[in-house]
There are 2 protein chains.
Amino acid sequence: MVRLKDVAQAAGVSASTVSRALSNPELISEATRARVLAAADRLGYRHHPAARALVTGRTGLLAFSVPTLANPFFAPIIAGAQEAAEEAGYELIVAVTDSSPERETALFDRLADRVDGFAAAGPRSPASQLARFARSLPLVTLNRRVRGVDSVIIDTPDGVGRLGTHLAGLGHRKIAYLGGPTGSWLDPRRLRRLREAVPDCAILPLGPFPPEFEAGARTVETVLDAGCTAVIAYNSTLLLGLLHRLTMLGLSTPEDLSLACADDLSAAGLAMPDVTALHVPAAEAGRRTVEHVLSLVASESRSAAHQLLPVELLTRASTGRPRELPMSGG
Amino acid sequence: MVRLKDVAQAAGVSASTVSRALSNPELISEATRARVLAAADRLGYRHHPAARALVTGRTGLLAFSVPTLANPFFAPIIAGAQEAAEEAGYELIVAVTDSSPERETALFDRLADRVDGFAAAGPRSPASQLARFARSLPLVTLNRRVRGVDSVIIDTPDGVGRLGTHLAGLGHRKIAYLGGPTGSWLDPRRLRRLREAVPDCAILPLGPFPPEFEAGARTVETVLDAGCTAVIAYNSTLLLGLLHRLTMLGLSTPEDLSLACADDLSAAGLAMPDVTALHVPAAEAGRRTVEHVLSLVASESRSAAHQLLPVELLTRASTGRPRELPMSGG
DNA sequence: ACGCGTGCTGCAAGCGATTGCACGATTGAG
DNA sequence: CTCAATCGTGCAATCGCTTGCAGCACGCGT
């Protein structure tokens with residue numbers, strides 16, 4: 001292994017000079033620096049992360065926790081996060097909490113003195129816990145807003161509201177909302193915004209559901225029996241299940257039921273060209289979250305800033321006018 | 001922050017004694033150890049990972065690379081890996097390579113001196129590269145076998161062979177195989193085993209396909225036109241797309257086409273109760289891989305051992321006798 | 001009663017880097 | 001030509017922990 005002093009010897013300078021040439025070039029004369037750099041890469045010198053961490057207190061590691069990896073929704077988020085981390089010279093530790101507050105807490109605990117900052121996607125821990133944690137380490141939450149903790153929120157509630165408006169505009173008056181898993185912070189907010197957006201429509205909230213194919217499939221009868229003419233699903237997996245069952249029953253979309261989805265199918269390789277959905281800027285969200293964490297790490301300030309990321313409405317063939325428009329005044 | 005010497009002072013012993021009490025209890029008298037332990041947890045002492053790493057050369061970190069997280073297939077693998085790592089007191093760094101050999105190499109490089117060992121799921125780098133890397137660090141590959149590198153292989157080729165036998169037994173004589181993405185090491189091996197298992201059947205290999213819904217959907221016509229009566233899909237996402245299109249065309253399973261899948265749908269929340277598939281021990285595979293890496297870390301031996309994990313055949317309703325049995329002798 | 005092994009504990013030397021401080025050289029001003 | 005900034009470099013301390021070695025006390029055999 002090549003150490004700083006080896007490079008120093010090769011370049012005919014002291015170890016401190018090498019250290020500075022590598023990390024604070026402006027302190028060193030052009031000539032020396034060039035010589036040092038040449039020697040360093042001739043010998044293939046690499047920082048010893050632990051040694052550096054010991055003295056600087058910085059590890060160069062960032063943690064990113066997600067409730068699950070089974071939902072491919074998180075894939076592009078992590079991709080974006082990893083990209084941002086890499087650009088800043090950081091390494092990302094991805095950790096899975098299984099949506100368990102206990103595991104999440106344990107994770108915080110184990111990782112707290114191993115990383116410089118923490119990003120938590122959809123954390124399930126109590127707010128007080130998160131706030132406390134944020135006081136000890138730079139922390140940014142994604143898709144959850146907690147007093148005293150910086151956050152990045154993908155504005156799917158707004159998107160769901162717009163989906164509602166879109167459906168109402170087509171003449172729908174009874175819309176089912178297939179809710180997500182218990183513990184989702186966004187889910188009730190989506191429902192609320194939906195109701196606010198279309199006060200004239202009856203909203204049938206179903207769920208909570210685990211985001212699974214079968215759960216979606218099982219809702220078809222309920223939805224139809226209730227007389228809903230449109231469905232907004234929390235998640236693409238639910239929607240797929242519902243669609244499959246619908247097709248098997250010989251029903252079609254949007255004639256028999258309009259379908260819309262509150263997340264983006266493409267992440268999972270499940271993109272269906274004809275489904276009305278929300279395009280969520282997932283990679284961007286991951287990137288922003290990490291960049292935000294890094295800014296906290298750099299400034300040591302606790303600014304409690306919040307970012308809201310807009311979503312895009314993709315209006316496509318799975319939504320249309322309901323078969324029978326309600327007669328007014330009958 | 002609580003340091004070793006603080007605990008030492010509190011317990012009335014030297015720092016070395018505390019260190020030993022914590023990591024080599026057998027060197028310390030029962031009484032002293034108890035006193036130290038009490039002091040340590042009263043003060044809330046935690047190891048300083050960097051300091052420890054600096055002197056021991058062990059970081060307590062393991063890397064686990066996957067080609068993508070968009071395919072939920074890797075979710076349970078990572079879950080199993082994380083569990084095994086945690087049990088051994090290690091932290092797992094999950095890294096995504098995007099199926100790019102270059103990114104993979106870069107990752108190896110960046111992580112090599114940050115971690116104690118490396119697990120690579122479905123690595124895409126050239127064999128020589130992997131072998132070289134294995135010489136510098138404990139490395140175990142999952143689902144890829146390379147000379148000189150320890151590996152864990154989920155025996156899906158065998159499973160696909162059995163799927164073939166199952167289909168042939170039902171009377172199928174022409175079977176389509178929907179291949180996976182370019183670069184998959186297992187894919188050609190599955191195809192080969194399929195051919196070996198059912199020498200009397202015509203096998204129509206299609207692909208390579210990205211494991212996406214739409215790609216699956218687009219194959220339906222080809223499969224039917226070619227006169228295939230059964231399909232084996234590389235991946236559940238492909239199969240779902242195919243099934244969706246099939247249903248839309250008013251065709252049904254298994255009457256019009258028998259369907260089978262070479263991986264497990266349940267990981268993605270896409271479990272469909274009636275699809276014949278292979279159950280792959282994904283979590284187990286992740287766990288084994290990590291345990292194997294850890295054994296290399298511990299022993300410093302390079303044993304070049306290989307593990308083969310059997311898969312389970314789930315025979316269900318999506319496979320049945322073909323509509324018209326081929327007439328023998330016209 | 002003496003010596004020696006055995007079992008615990010402390011001392012001090014690192015691990016490899018960063019960084020405050022001091023110092024020598026160079027340069028510009030007076 | 002002298003003195004004082006300024007710039008670049010080296011010395012040495014330090015980060016928190018582990019570990020080889022030495023020392024001390026005790027117990028045992030003879």
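Labels below follow one simple rule: chain letters A, B, ... track the order of the sequence lines, proteins then strands, and each chain is numbered from 1. Because the structure is a prediction, the values reported are computed rather than measured.
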Using a cutoff of under 3.5 Å, can you pull out all pairs of nitrogen or oxygen atoms linking the protein to nucleotides 4-8 of chain C, with atom names and distances?
none

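- For A:Thr17, the side chain to side chain donor-acceptor pair (under 3.5 Å) criterion is met by A:Ser14, not counting sequence neighbours.
- Between A:Arg35 and A:Ala11, the closest heavy-atom pair is NH1-O, 2.5 Å.
- Residues A:Val149 and A:Arg144 form no side-chain contact, since every pair of their non-hydrogen atoms from C-beta on lies 4.5 Å or further apart.
- Sparse packing is recorded around CZ of A:Arg145, with 12 or fewer heavy atoms of other residues, nucleotides or ligands lying under 6.0 Å away.
- The CG atom of B:Asp113 sits 9.0 Å away from the CG atom of B:Leu137 when rounded to the nearest 0.5 Å.
- In the 5' to 3' direction, nucleotides of DNA chain D lying under 4.0 Å from heavy atoms of chain B begin and end at D:dG16 to D:dG20.
- Screening A:Ser99, A:Ser125, A:Ser65 against A:Glu104 for a side-chain hydrogen bond (donor to acceptor under 3.5 Å, both in side chains) leaves a single residue, A:Ser125.
- Under the 30°/60° scheme for interplanar angles, the aromatic rings of A:Phe118 and A:Phe108 are found to stand perpendicular.
- In summary, the side chains of B:Thr105 and B:Gln129 do present a donor paired with an acceptor at a separation below 3.5 Å, with no hydrogens or angles considered.
- To the nearest 0.5 Å, the span separating NE2 on B:His292 from CD on B:Gln307 amounts to 6.0 Å.
- For the pair A:Val293/A:Phe64, no side-chain contact is recorded, criterion being any heavy-atom separation below 4.5 Å from C-beta on.
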Before giving the answer on salt bridge (charged side-chain N to carboxylate O under 4.0 Å, His left out), spell out for A:Arg287 and A:Glu87 the whole-Å C-alpha distance, their side-chain angles and the decisive distance to 0.1 Å.
CA-CA 10 Å; A:Arg287 159 173 291 279; A:Glu87 282 171 19; 2.9 Å; yes
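- Consecutive Watson-Crick or G-U pairs involving DNA chain C, each under 3.5 Å on both distances, make up stems of three or more pairs at C:1-30 with D:1-30.
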Taking protein heavy atoms under 4.0 Å as touching, what does nucleotides 16-27 of chain C look like 5' to 3' if B marks base contact, S marks sugar-phosphate-only contact and - marks none?
BSBBB-------
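- The side chain to side chain donor-acceptor pair (under 3.5 Å) check on A:Ser19 picks up nothing, with sequence neighbours excluded.
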